Protein chains: 2
Amino acid sequence: MTTIKANSTIQENKSQAYVTCPVTFVMDKIGGYWKPIILFNLLGGVRRYSELKRAVPTITEKVLIQQLKQLESEGLITRKAKPTVPPHVTYELSKSGKALRPVLYAMAEWAVHNSGKLSKTFSRQMADFPLE
Amino acid sequence: MTTIKANSTIQENKSQAYVTCPVTFVMDKIGGYWKPIILFNLLGGVRRYSELKRAVPTITEKVLIQQLKQLESEGLITRKAKPTVPPHVTYELSKSGKALRPVLYAMAEWAVHNSGKLSKTFSRQMADFPLE
DNA sequence: ACAAGTACTTACCCTATAGTATGTATGACC
DNA sequence: GGTCATACATACTATAGGGTAAGTACTTGT
């Protein structure tokens, strides 16, 4: 599952920047390519694994769980599994995950006003921006 | 200068997600590890290359210019060079770069409230958050 | 008997990003 | 005439993230 090597120079640089820059702290948690997309989808409420897969069709299964595990270990989402067959697993934003709404919203707003030709597409999407 | 290979699968996935997700659009522009940190520093106003270097001491020169070039080509910052010796180069947020303030601010706010022991450090930093 | 669905896991490979180290042009200053 | 400072460039290496492909366990439906 792609274990992270401790004590690499990159990781040490990161942990140093952590302490000094709040923005960096955030980027380290949601900075992966797919993480914001997943979080965005979870803003709409509880989602099954398979629902997320359908909502983000271009992500591969490996990367999807990988990112979900990371988000879970960072405390941004919670996983609930019913021990049935076939399995039934749901993901949900945690308290701090829900607190990211203003961040994602600010991003989306920025995209609407600073994406040239895509602006119209994005502003249409904003109508669907989950309010709670 | 690390040219990006066009037509790789990764790039194609990205360009597809672009069109559907405003959050992804933003992440692609400021999603690099150092970009938000650089932008954060430029929120304070015009900065010389050497000032940025001192402000972000753990970044290497190679990566610093690399990121600056990318931010410039994305239209988030502007570069001005005086043809003197020694050279005098300054960087500044563009209009769309300045528009990122709410995004960075929302991130910093989230960090203050969701970083456990680091919260106090971050809230102290927030006092210095550049207002304009 | 067998295919389908769910939520994964594993093995292997490729690429973008980051780090290390060194080089460059030019004029000012000593 | 050698050093200093500025703002880079370049070559090489390392790592994290992402992609492809295949497999697993168990039950329900045909």
Side-chain angles (χ1 to χ4, degrees), chain A residues 1-17 24 27-38 47-72 77 79-91, chain B residues 1-17 24 27-38 47-72 77 79-91:
Chain A
M1 207 181 62
T2 323
T3 44
I4 295 177
K5 188 176 181 180
N7 290 347
S8 75
T9 313
I10 296 178
Q11 295 307 315
E12 288 187 18
N13 266 6
K14 287 195 177 183
S15 60
Q16 210 198 330
T24 301
M27 291 312 286
D28 202 85
K29 298 218 161 193
I30 66 165
Y33 185 77
W34 297 106
K35 288 200 183 94
I37 308 180
I38 295 169
R47 292 284 182 273
R48 287 189 68 169
Y49 172 82
S50 50
E51 288 180 301
L52 288 173
K53 213 174 62 180
R54 275 189 294 271
V56 192
T58 52
I59 197 173
T60 62
E61 291 195 66
K62 191 199 91 172
V63 176
L64 179 54
I65 8 164
Q66 191 175 291
Q67 301 296 310
L68 287 171
K69 298 281 178 205
Q70 287 179 20
L71 289 170
E72 192 193 359
I77 64 173
R79 195 190 95 114
K80 279 169 195 159
K82 289 180 192 165
T84 56
V85 170
H88 184 99
V89 179
T90 55
Y91 293 91
Chain B
M1 210 179 63
T2 323
T3 45
I4 294 177
K5 187 175 183 180
N7 289 348
S8 72
T9 313
I10 295 177
Q11 296 306 317
E12 287 187 19
N13 266 6
K14 287 194 177 184
S15 60
Q16 211 198 330
T24 301
M27 291 312 286
D28 202 86
K29 298 219 161 194
I30 67 166
Y33 185 75
W34 298 105
K35 288 199 183 96
I37 309 181
I38 295 168
R47 292 284 185 273
R48 287 190 67 171
Y49 172 82
S50 49
E51 288 180 302
L52 288 173
K53 213 173 61 179
R54 274 190 294 273
V56 192
T58 52
I59 196 174
T60 63
E61 291 195 66
K62 192 199 90 173
V63 176
L64 179 54
I65 9 165
Q66 193 175 291
Q67 301 296 310
L68 286 170
K69 297 282 179 205
Q70 287 180 20
L71 288 170
E72 192 192 357
I77 64 174
R79 194 189 96 114
K80 280 170 194 158
K82 290 180 191 166
T84 58
V85 170
H88 184 100
V89 180
T90 56
Y91 293 91

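Worth saying up front: this structure is predicted, and the values here are computed from it rather than measured. Below, all heavy atoms of this structure are taken into account, side chains as well, without hydrogens, waters or symmetry copies. Order of the sequence lines sets the chain letters (A, B, ...), proteins ahead of strands, with each chain counted from 1.
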Rounded to the Å, how far apart are [X] [atom1] and [N] [atom2]?
X	N	atom1	atom2	value
B:Lys69	D:dA7	NZ	P	12 Å
A:Glu61	D:dA22	CD	C1'	12 Å
B:Lys29	C:dT17	NZ	C1'	19 Å
B:Leu52	D:dC8	CG	C1'	14 Å
A:Leu64	D:dT20	CG	P	15 Å
A:His88	C:dT6	NE2	P	11 Å
A:Gln67	D:dG19	CD	C1'	13 Å
A:Ile59	D:dT20	CD1	P	12 Å

Are [X] and [N] close enough that a side-chain N or O sits under 4.0 Å from OP1 or OP2?
X	N	result
A:Tyr49	C:dG5	no
A:Ser50	C:dG5	no
B:Arg79	D:dC8	yes
A:Gln66	C:dT9	no
B:Arg48	D:dA7	yes

What's the separation between atom [atom1] in [X] and atom [atom2] in [Y], rounded to the nearest 0.5 Å?
X	Y	atom1	atom2	result
B:Ile65	B:Leu52	CD1	CG	12.0 Å
B:Tyr91	B:Glu72	OH	CD	6.5 Å
A:Arg47	A:Ile38	CZ	CD1	13.0 Å

In terms of side-chain heavy atoms of [X], which of [options] is nearest?
X	options	result
A:Pro87	C:dT6, D:dA7, C:dT26	C:dT6
B:Lys62	C:dT6, C:dT20, C:dC8	C:dT20
B:Trp34	C:dT6, D:dT6, C:dG19	C:dG19
B:Val63	C:dG19, D:dG17, C:dC8	C:dG19
B:Ile65	D:dA9, D:dT6, C:dA7	D:dA9

### Query
In terms of the nearest nucleotide of DNA chain D, which residue is placed more toward the 5' end: A:Pro86 or A:Lys35?
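Between the two, 5'-proximity favours A:Lys35.
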
### Task
Mind checking A:Glu51 for me? I need base, sugar-phosphate or nothing, with any heavy atom below 4.0 Å counting as a touch.
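If one applies the 4.0 Å heavy-atom cut-off, A:Glu51 turns out to touch nothing in the nucleic acid.
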
### Query
Do side-chain atoms of B:Glu51 reach the backbone of B:Arg48 as a donor and acceptor pair under 3.5 angstrom?
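Yes: the side chain of B:Glu51 pairs with the backbone of B:Arg48.
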
### Nearest non-hydrogen partners of B:Lys35 and B:Leu71, listed with the distance
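That would be CD-CD2, 3.5 Å.
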
